[in-house]
Amino acid sequence: QVQLVESGGGSVQPGGSLRLSCEASGFSFNNYAIAWFRQAPGKEREGVACINNRDGATNYLGDAKGRFTFSRDNARKTVYLQMNDLKPEDSAVYSCAADPALWACTKRTIKKPYDFYGQGTRVTVSS
């Protein structure tokens, strides 16, 4: 079955960096769009970034652009989210997600919801 396992979360001070990883199994990795979502306490889950399953292009939402970098290693079936210059408002549980739809990740939008989600990894940014 589809499995997505995140790692790399933790606690950092504002301005710090973290690198999240998501290892996938149980599906044809190359044929799925992969996204990172996050959910802060009391808030709805929101899309952060995605990589599409057409040409590998990435899309960043909100202020992730310029601070976060999403990369994909198809050979390892793993995606990474490098997060720099972290802010307290970035604190949330970050989950990776997979979806086979060609429109799951476009230049403007990230499909909600995705078909499959991992359990998530917590990121806390505080001084």
Side-chain angles (χ1 to χ4, degrees):
Q1 71 274 21
V2 173
Q3 282 196 315
L4 298 163
V5 180
E6 302 93 338
S7 61
S11 296
V12 295
Q13 294 185 337
S17 298
L18 282 174
R19 188 194 195 207
L20 306 183
S21 300
C22 174
E23 187 171 347
S25 62
F27 63 101
S28 181
F29 184 73
N30 293 9
N31 294 331
Y32 278 62
I34 307 294
W36 284 98
F37 288 83
R38 67 185 181 188
Q39 188 167 20
K43 294 188 176 181
E44 289 189 2
R45 183 162 53 195
E46 63 176 356
V48 176
C50 63
I51 287 181
N52 74 34
N53 51 346
R54 298 185 304 280
D55 58 10
T58 54
N59 178 26
Y60 300 90
L61 296 188
D63 67 352
K65 192 177 297 185
R67 298 190 300 127
F68 295 1
T69 302
F70 193 179
S71 60
R72 177 175 187 155
D73 185 335
N74 286 338
R76 296 178 182 271
K77 296 187 178 181
T78 301
V79 296
Y80 306 94
L81 186 67
Q82 176 68 43
M83 305 187 295
N84 298 328
D85 190 23
L86 283 162
K87 305 174 183 178
E89 51 265 40
D90 294 318
S91 297
V93 174
Y94 284 70
S95 302
C96 70
D99 196 293
L102 291 177
W103 52 275
C105 174
T106 70
K107 288 183 180 180
R108 295 181 181 273
T109 62
I110 298 176
K111 173 179 175 275
K112 285 182 69 176
Y114 266 40
D115 282 3
F116 305 102
Y117 289 85
Q119 291 296 313
T121 185
R122 184 175 300 277
V123 172
T124 303
V125 185
S126 69
S127 54

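What you are looking at is a predicted structure, and each value in this text was computed from that prediction instead of being measured.
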Fill in the blank from the handout: Output for pair (N52 CG, D99 CG), nearest 0.5 Å, gives 12.0 Å
Problem - From V123, V93, D90, residue fulfilling side-chain contact (heavy atoms from CB on, under 4.5 Å) relative to R38 - result: D90
Practice task
Flag the pair D115 / P100 as yes when at least one side-chain heavy-atom distance between them is below 4.5 Å, and no otherwise.
Solution key: yes
Completion exercise
One should read off an interatomic distance between T109 OG1 and L61 CG, to the nearest 0.5 angstrom, of 8.0 Å
Practice task
Might you confirm whether atom NZ of K112 has over 12 heavy atoms from other residues, nucleotides or ligands at distances under 6.0 Å?
Solution key: yes
Handout entry: Point-to-point distance, once rounded to the nearest 0.5 Å, from CG of N30 to CZ of R72
Key = 6.5 Å
Problem - Over 12 foreign heavy atoms within 6.0 Å of CZ, R122 - result: no
Problem - Shared hydrophobic cluster for M83 and L4 (ILVMFWY, side-chain gaps under 4.5 Å) - result: yes
Problem - Euclidean distance, R19 CZ relative to S71 OG, rounded to 0.5 Å - result: 6.0 Å
Problem - With F27 via ring-ring contact (aromatic ring centres under 6.0 Å, His included) - residues at least two apart - result: Y32
Handout entry: Main-chain N/O of W103 paired to T106 side chain as donor or acceptor, under 3.5 Å
Key = no
Exercise for the section: Tell me who clusters with V5, hydrophobic residues only, linked when side chains sit under 4.5 Å apart either directly or through other members. Expected result: none
Exercise for the section: Side-chain contact test, heavy atoms from C-beta onward, threshold under 4.5 Å: evaluate it for S126 versus P88 and give yes or no. Expected result: no
Exercise for the section: Taking K111 for its side chain and A33 for its backbone only, find out whether a donor-acceptor pair lies under 3.5 Å. Expected result: no
Problem - Linked, directly or transitively: L18 and Y94 (ILVMFWY side chains, under 4.5 Å) - result: yes
Completion exercise
The reported gap from SG in C96 to CG in L20 (rounded to nearest 0.5 angstrom) is 9.5 Å
Practice task
Would you mind reporting whether E23 and Q3 have side-chain heavy atoms less than 4.5 Å apart?
Solution key: no
Problem - Pairs where residues 48-69 contributes a residue and the test ring pair (Phe, Tyr, Trp, His ring centres under 6.0 Å) is met, not counting sequence neighbours - result: none
Handout entry: Least distance between heavy atoms, A98 atom then I34 atom
Key = CB-CD1, 3.7 Å
Completion exercise
Separation between CG (L81) and CH2 (W36), nearest 0.5 Å, reads 6.0 Å
Practice task
Any pair with a residue in residues 23-89 that passes disulfide (SG to SG under 2.5 Å), sequence neighbours left out, goes on the list, sorted by first then second residue, please.
Solution key: C50-C105
Practice task
Look only at the side chain of T124 and the backbone of S11, and say whether a donor-acceptor pair between them is shorter than 3.5 Å.
Solution key: no
Exercise for the section: Decide yes or no for D63 and K87: does some side-chain heavy atom of the first lie under 4.5 Å from some side-chain heavy atom of the second? Expected result: yes
Handout entry: Counterpart residues, side chain to side chain contact (heavy atoms under 4.5 Å, CB included), relative to N31 (two or more places apart)
Key = S28
Practice task
For S17 and Q82, run side chain to side chain contact (heavy atoms under 4.5 Å, CB included): C-alpha distance rounded to whole Å, both residues' side-chain angles, the deciding distance at 0.1 Å, then the answer.
Solution key: CA-CA 7 Å; S17 298; Q82 176 68 43; 3.9 Å; yes
Exercise for the section: State plainly whether one hydrophobic cluster holds both F70 and Y80, where clusters connect Ile, Leu, Val, Met, Phe, Trp and Tyr through side-chain heavy atoms under 4.5 angstrom apart. Expected result: no
Handout entry: Check: G120 main-chain N/O paired with E6 side-chain donor or acceptor under 3.5 Å
Key = yes
Problem - Qualifying residues under ring-ring contact (aromatic ring centres under 6.0 Å, His included), relative to F37, sequence neighbours excluded - result: Y114, Y117
Exercise for the section: Ignoring hydrogens and angles, state whether a donor on the side chain of T78 or D73 is under 3.5 Å from an acceptor on the partner side chain. Expected result: no
